[in-house]
Amino acid sequence: MPDTSIAAGAAAGAIPAPVKDDHGIWGFSRAQFGALGLMIAFLAISPFFLYPVFLMKLLCFALFACAFNLLIGYVGLLSFGHAAYFGMGGYIAGHVAKAWGMTPELAIITGGLVAAGLGAIAGWVAIRRQGIYFAMITLALAQMIYFFCVQAPFTGGEDGIQAIPRGKLFGLVSLDTDLTMYWVVAAVFLLGFLLIHRIIHSPYGMVLKSIKENEPRSTSLGYRTDDYKLMAFILSASLAGVAGATKSLVFGIATLTDVHWSMSGEVVLMTLVGGLGTVFGPVIGAAVIVAMQNYLAELGAWVTVIQGVIFVVCVLAFRRGIVGEIGNLLKVKL
Amino acid sequence: MDEIFGIPAPLLFGQLLLGLINGAFYAMMSLGLAVIFGLLNIINFTHGAQFMMGAFAAWMLLEWLGLNYWWALVLVPIIIGFTGVVLERLMISRLYKLDHIYGLLLTFGVGLIIEGIFRNQFGSSGLPYRIPPELQGAWDLGFMYMPIYRGWVVVAALVLCLATWLLIEKTRLGAYLRAATENAPLVQAFGVNVPRMVTLTYGFGVALAAIGGVLAAPIYSVNPQMGTNLIIVVFAVVVIGGMGSIIGSIVTGFGLGIVEGLTKVFWPEASATVVFVIMAIVLVARPAGLFGRA
């Protein structure tokens with residue numbers, strides 16, 4: 001196994017789109033800046049013609065997928081246990097909002113912090129191995145957290161935490177109407193999205209990319225690659241926690257579904273469909289999968305089959321994902 | 001000897017036996033995963049679904065064709081192993097040049113498809129499969145009653161594991177296999193048909209999972225989720241043992257089953273997580289796994 005980075009796989013299967021070297025605005029290339037403008041415009045007008053609760057669900061999963069993509073797309077680490085941080089963020093936010101009466105912004109921050117702590121421990125264990133071992137270890141650790149959530153008293157076991165109040169933002173603005181809540185969720189998503197963008201364009205992010213391309217070389221250049229990987233894992237876990245926390249406030253409920261391994265599979269699928277390692281791919285992928293689940297809900301267990309088929313098709317024939325394909329067609333990096 | 005460490009002896013031995021049986025399945029599953037990984041460099045995420053298919057195939061043979069347990073034990077690994085061969089030829093073989101992660105994602109997707117189809121067809125409540133009449137009843141061992149079927153599962157799994165070990169370590173075919181694991185192009189240069197060997201190895205690993213499913217059918221109820229719940233624990237077992245050695249997989253599998261059984265006696269709440277905790281400890285102390293090569 002001379003080279004186990006995912007970049008090698010992508011290079012063999014799909015040639016990355018040639019990159020035009022324009023520095024653009026705030027680290028975005030011109031095409032990316034255009035796409036960002038489109039996305040913000042969509043965020044601003046969509047609640048007036050689409051159901052806000054559906055949009056909020058979509059945005060929570062989009063942030064979750066972006067957090068996951070930070071690891072797989074920029075460090076080359078496939079975490080198969082990200083549901084643990086997503087779900088735990090949701091449980092913690094639900095608990096502190098309901099039992100301790102915390103305001104929503106504090107509940108979301110607490111959810112993110114606890115997920116970060118969990119990510120620090122799990123990451124510290126998992127980064128000792130690479131490649132598929134890393135995937136198996138993160139999956140096993142997430143399963144451990146799942147069983148913890150089944151048994152821990154504060155999670156409510158099979159019932160979950162129900163009737164979580166949305167509360168008042170900063171103690172002032174009531175979030176009970178869906179539209180107000182939507183603006184908060186959109187702001188959380190956008191902040192998370194821009195934070196990830198900032199991270200991958202910082203000097204630290206450059207080191208992450210070098211680790212993905214060639215870890216031994218990065219080590220030989222004097223970087224402590226394990227520290228960098230651990231930090232990336234913690235950042236990714238905390239953003240996943242923030243996404244989960246926001247979701248539990250939106251729906252007023254936190255359940256075992258969000259910590260289950262199938263949720264970990266779903267976020268992998270979203271990112272894969274959208275395009276691994278693209279900036280906008282996870283958002284598009286999340287939109288596709290959430291919309292699919294919404295419209296195909298009456299098909300019941302067939303949704304699992306369809307998801308499996310999408311996995312297989314993406315891996316065999318469509319490894320660049322939707323955004324990757326579009327970028328390749330337009331010869332820009334999105 | 002009614003009590004050991006303040007625990008009633010029948011309870012202790014009962015849980016030990018249960019642990020041994022779980023360990024038998026861990027050993028068989030991790031052995032299959034290790035054999036496949038050795039040659040294909042792919043973590044077979046479909047393994048759990050193939051285990052479940054084995055159990056369902058046994059059930060179908062009995063209910064639809066009237067073929068009993070012993071027929072199932074022979075036919076099911078052949079049938080399910082063949083589906084594995086088809087899967088390898090049609091899909092997995094296209095991914096060898098790519099990153100290993102794609103193999104994992106593909107087999108995960110295939111597992112979802114299989115599980116979803118079975119859940120649609122048979123529901124998720126589970127189907128009963130009767131213990132064959134020859135293996136019903138229990139032996140009185142003096143200190144506990146031992147259901148014959150459970151003893152049979154442990155012995156059968158041990159025999160299968162040892163037979164696999166012998167096949168790989170002591171036969172000419174096994175020597176080819178080990179050589180191809182080390183350096184496939186060189187073995188091919190000697191005139192061995194390596195692609196065919198890869199395909200058959202995958203089929204063999206899958207057949208092992210399927211036999212596991214047949215053995216499990218009378219113990220656990222036959223349901224679509226039975227494999228997935230198992231496979232995640234088996235992943236942890238594989239990480240603990242390291243995939244380098246066959247004997248390592250077997251020892252780790254049985255050992256962890258027993259540890260899990262004992263945990264059920266002394267600290268029941270931790271029994272679901274103990275394997276994962278051990279995995280974390282092993283990773284911190286010895287990242288390559290107990291039997292792995294760094």
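In what follows, every chain begins at residue 1, and chains take the letters A, B, ... in the order their sequences are listed. Fair warning: this is a prediction, and the values are worked out from it, not measured in the lab.
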Using a 4.5 Å cut-off on heavy atoms from C-beta on, say whether the side chain of [Y] contacts that of [X].
X: B:I43; Y: A:Y133; result: no
X: A:F80; Y: B:L105; result: yes
X: B:F276; Y: A:Y146; result: no
X: B:V233; Y: A:Q143; result: no
X: A:W124; Y: B:V284; result: yes
X: A:M144; Y: B:V274; result: no
X: B:F45; Y: A:L139; result: yes

Item to complete: Indicate yes or no for a side-chain donor-acceptor contact from A:Q307 to the backbone of B:L112 under 3.5 Å, with no hydrogens or angles considered.
Response: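 No, because the side chain of A:Q307 does not come within donor-acceptor range (under 3.5 Å) of the backbone of B:L112.
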Worksheet item: Is a side-chain donor or acceptor of B:R94 paired with a backbone partner of A:L316 at a separation under 3.5 angstrom?
Response: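 No.
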To the nearest 0.5 Å, how far apart are [atom1] in [X] and [atom2] in [Y]?
X: B:I114; Y: A:T304; atom1: CD1; atom2: OG1; value: 13.0 Å
X: A:R319; Y: B:D99; atom1: CZ; atom2: CG; value: 10.5 Å
X: A:L276; Y: B:I101; atom1: CG; atom2: CD1; value: 8.5 Å
X: A:I132; Y: B:L104; atom1: CD1; atom2: CG; value: 7.0 Å
X: B:F108; Y: A:S264; atom1: CZ; atom2: OG; value: 8.0 Å

Worksheet entry | Largest heavy-atom contact set with chain A, pairs under 4.5 Å, which of B:G116, B:P287, B:A280 |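 Most heavy-atom pairs under 4.5 Å with chain A: B:P287.
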Item to complete: Check step by step if side-chain contact (heavy atoms from CB on, under 4.5 Å) holds for B:T273 and A:Q151.
Response: CA-CA 11 Å; B:T273 46; A:Q151 290 172 346; 5.7 Å; no
Segment of [X] engaging chain A (4.5 angstrom heavy-atom cut-off):
X: B:V277; value: both
X: B:L95; value: side chain
X: B:M279; value: side chain
X: B:T228; value: side chain

Worksheet item: Taking it one step at a time, do A:F311 and B:V110 satisfy side-chain contact (heavy atoms from CB on, under 4.5 Å)?
Response: CA-CA 8 Å; A:F311 253 110; B:V110 173; over 6 Å; no
Discussion item. Please classify the contact of A:V268 with chain B as side chain, backbone, both or neither, using a heavy-atom distance under 4.5 Å.
Written reply: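 Contact with chain B: side chain only.
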Worksheet item: A:I145 versus chain B, heavy atoms under 4.5 Å apart: side chain, backbone, both or neither?
Response: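 For A:I145, no heavy atom lies under 4.5 Å from chain B.
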Taking atom [atom1] as the centre, does [X] end up with more than 12 heavy-atom neighbours from other residues, nucleotides or ligands that are less than 6.0 angstrom away?
X: A:F147; atom1: CZ; result: yes
X: A:E298; atom1: CD; result: yes
X: B:F82; atom1: CZ; result: no

